[in-house]
There are 2 protein chains.
Amino acid sequence: MIRLLIADDHPVVRAGLGALFATEPDLIVVGEAASGEEAVARSYAGVDIVLMDLQFGGGMQGADATRRIRERSGAPHVLVLTNYDTDADILGAVEAGAAGYLLKDAPPEELIAAVRAAARGESALAPTVAGRLEARQNAPDDALSSREAEVLTLVADGMSNRDIARQLFLSEATVKSHLVHIFTKLQVSSRTAAVASARERGAIRSA
Amino acid sequence: MIRLLIADDHPVVRAGLGALFATEPDLIVVGEAASGEEAVARSYAGVDIVLMDLQFGGGMQGADATRRIRERSGAPHVLVLTNYDTDADILGAVEAGAAGYLLKDAPPEELIAAVRAAARGESALAPTVAGRLEARQNAPDDALSSREAEVLTLVADGMSNRDIARQLFLSEATVKSHLVHIFTKLQVSSRTAAVASARERGAIRSA
DNA sequence: ACCGACGTGAAACTTTCGAATGATGCCTCT
DNA sequence: AGAGGCATCATTCGAAAGTTTCACGTCGGT
């Protein structure tokens, strides 16, 4: 018997996953969570697999929750389940310790198979995802640091360097410094181009 | 008895909505559709309400499907159900003849109430959505001219004023002039903010 | 025929951004 | 202990971007 925890902020999705797994005799849903925090709190030892959404309406996001859960010993495996298959999301999830990365539009059989695989301790990456990861391995090292990503997000919201500095309690010089690094890593030379590039590769999420 | 058709390309969401409505004695799901085309085909007279997702993986999108369904006489009411609440999406759906606009993260009771309201012929806009529509009504006349939209698109791609001028066979001064008008209409004061604002209201589609 | 609104274009001027360089302190990994 | 990555801050300068103000058509209306 495989015990599941479903973490998703959409009640409809929780109900759907619950209904799906209810038809399988060896799977049982033992809990639900509507936020990242809740997911961490409910991932006690009696849970075998956590189905984790990456996007939550507010608070802790799925990747962080995954990290928190996995850093404990005897932690359940985490299967990430999301709408998007952007590089940044996938990489973040895998790096956070996810055993698998599934898309919400996947056929039910695939979900169920992935749950069973994860319960056996296997990694269950969708084929498209695996290919993407491989491509990422060969890509130049251009991962933004978390601080840089934070700055870039504010830039994408249209804030000026001064605004960003105030918001993050930094000097304007520091913001510029971060931007230089961002430009270098993204191989661009203006803030709008950086935003365009980041959107393309899924490093930032539109409002 | 209210007969429902569920149109969504995510099996999980279909299952979730099905499970949700199964608990209500006066609601019955009489069909499912995984694409816009399928939704149109299955919206025969025996259906009272269509739950319509706006985003489909490919082919006909929800707004077009809604239009097709509603243009027939004796057509079922269409409740649009989506992840995003951008102005453009909402406006498009309502204009296509949707009786309601709901977000997927809405609580189940709200969904069910909306279905019943739609079955009675009432309009069931989520409060947040209604407010947004109203705001749109009162908003200053901020429609961009086609030339302005053209410029803004290039800005969103990260091009400099000089690049844009060259591409559109203009002087740099003219590009700036267009930008001034764009800023005024969007009520912002920088190019990146303009792009953010345009993305928010759906005037620009990200790559 | 006149007026005004609007899209378009343009100059001069101010502010912000980005490039280049350098420096400090704090981590982690080796 | 040393190397390297990251975050922080500073100064200087030239290049963009943004502001202000003006001008010229075209079009619709009273």
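In the text below, chain A, chain B and the rest are named by the order of the sequence lines, each starting its count at 1. As the structure is a computational prediction, the values presented were derived from the model and not from experiment.
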Identify whether any heavy atom of A:His181 sits under 4.0 Å from a base atom; if not, whether one sits that close to sugar-phosphate; answer base, sugar-phosphate or nothing. nothing

Touch class at under 4.0 angstrom, heavy-atom based, for A:Ser171 against every strand present: sugar-phosphate

Nearest-angstrom distance from the residue atom CZ of B:Phe183 to P of D:dT19: 7 Å

Please check: side-chain N/O of A:Glu32 versus main-chain N/O of A:Leu5, any donor-acceptor pairing under 3.5 Å? no

Check the distance between D:dA17's C1' and B:Met159's CE and give it to me in whole angstrom. 15 Å

Looking at five pairs on each end of the helix from C:dA1-D:dT30 to C:dT30-D:dA1, what is the angle between the two axes, given to 10 degrees? 40°

CG of B:Leu179 versus P of C:dG9: gap in Å, rounded? 13 Å

B:Ala173, nearest nucleotide to its side chain (from C:dA11, C:dT8, C:dG7): C:dA11

Toward the 5' end of DNA chain C, which comes first, B:Lys176 or B:Phe169, by nearest nucleotide? B:Phe169

What nucleic acid atoms does A:Ser177 come within less than 4.0 Å of, heavy atoms only: base, sugar-phosphate, or nothing? base

As a test of reading the structure: which of D:dT8, C:dG18, D:dT19 is closest to the side chain of A:Leu170, going by heavy atoms? D:dT8

Counting heavy atoms from C-beta on, name the nucleotide in C:dA19, D:dC6, D:dA7 closest to the side chain of A:Lys185. D:dC6

Rounded to whole Å, CD1 of A:Ile182 lies from P of C:dC17 at a distance of 14 Å

Considering only side-chain heavy atoms of A:Arg191, which listed nucleotide, D:dA7, C:dG18, C:dT8, is closest? C:dG18

Under a 3.5 Å distance rule, please check whether A:Arg3 uses its side chain to pair with a backbone N or O of A:Gly46 as donor and acceptor. yes

Proximity to the side chain of B:Arg162 - top-ranked nucleotide from C:dG18, D:dG18, D:dA16: D:dA16

Could you tell me how far apart A:Leu152 (CG) and C:dC17 (P) are, to the nearest whole angstrom? 15 Å

Rounded to whole Å, NE2 of A:His178 lies from P of D:dA10 at a distance of 13 Å

Between D:dC9 atom C1' and A:Arg147 atom CZ, what is the distance in whole Å? 13 Å

Main chain of B:Ala63, side chain of B:Arg68: is a donor-acceptor contact present, judged purely on distance under 3.5 Å? no

Considering only side-chain heavy atoms of B:Val180, which listed nucleotide, D:dT20, C:dT8, D:dA17, is closest? D:dT20

Paired with A:Val155, the side chain to side chain contact (heavy atoms under 4.5 Å, CB included) test is passed by just one of A:Val195, A:Val175, A:Asp163, A:Ile182, namely A:Val195

Can you check the A:Glu172 CD to C:dC17 P distance for me, whole Å? 6 Å

Should A:Thr82 and A:Leu103 count as side-chain neighbours, where that means a heavy-atom distance under 4.5 Å? yes

Give, for atom CD of B:Gln61 and atom CG of B:Leu54, the distance between the pair rounded to the nearest 0.5 Å. 8.0 Å

B:Ile164 side, atom CD1; B:Asp157 side, atom CG - distance, nearest 0.5 Å: 9.0 Å

State which of D:dG18, C:dG9, D:dA16 makes the closest approach to the side chain of B:Thr174. C:dG9

For D:dA16, does OP1 or OP2 lie under 4.0 Å from any side-chain N or O of B:Asn161? no

So, do A:Val115 and A:Leu79 sit near enough that their side-chain heavy atoms are less than 4.5 Å apart? yes

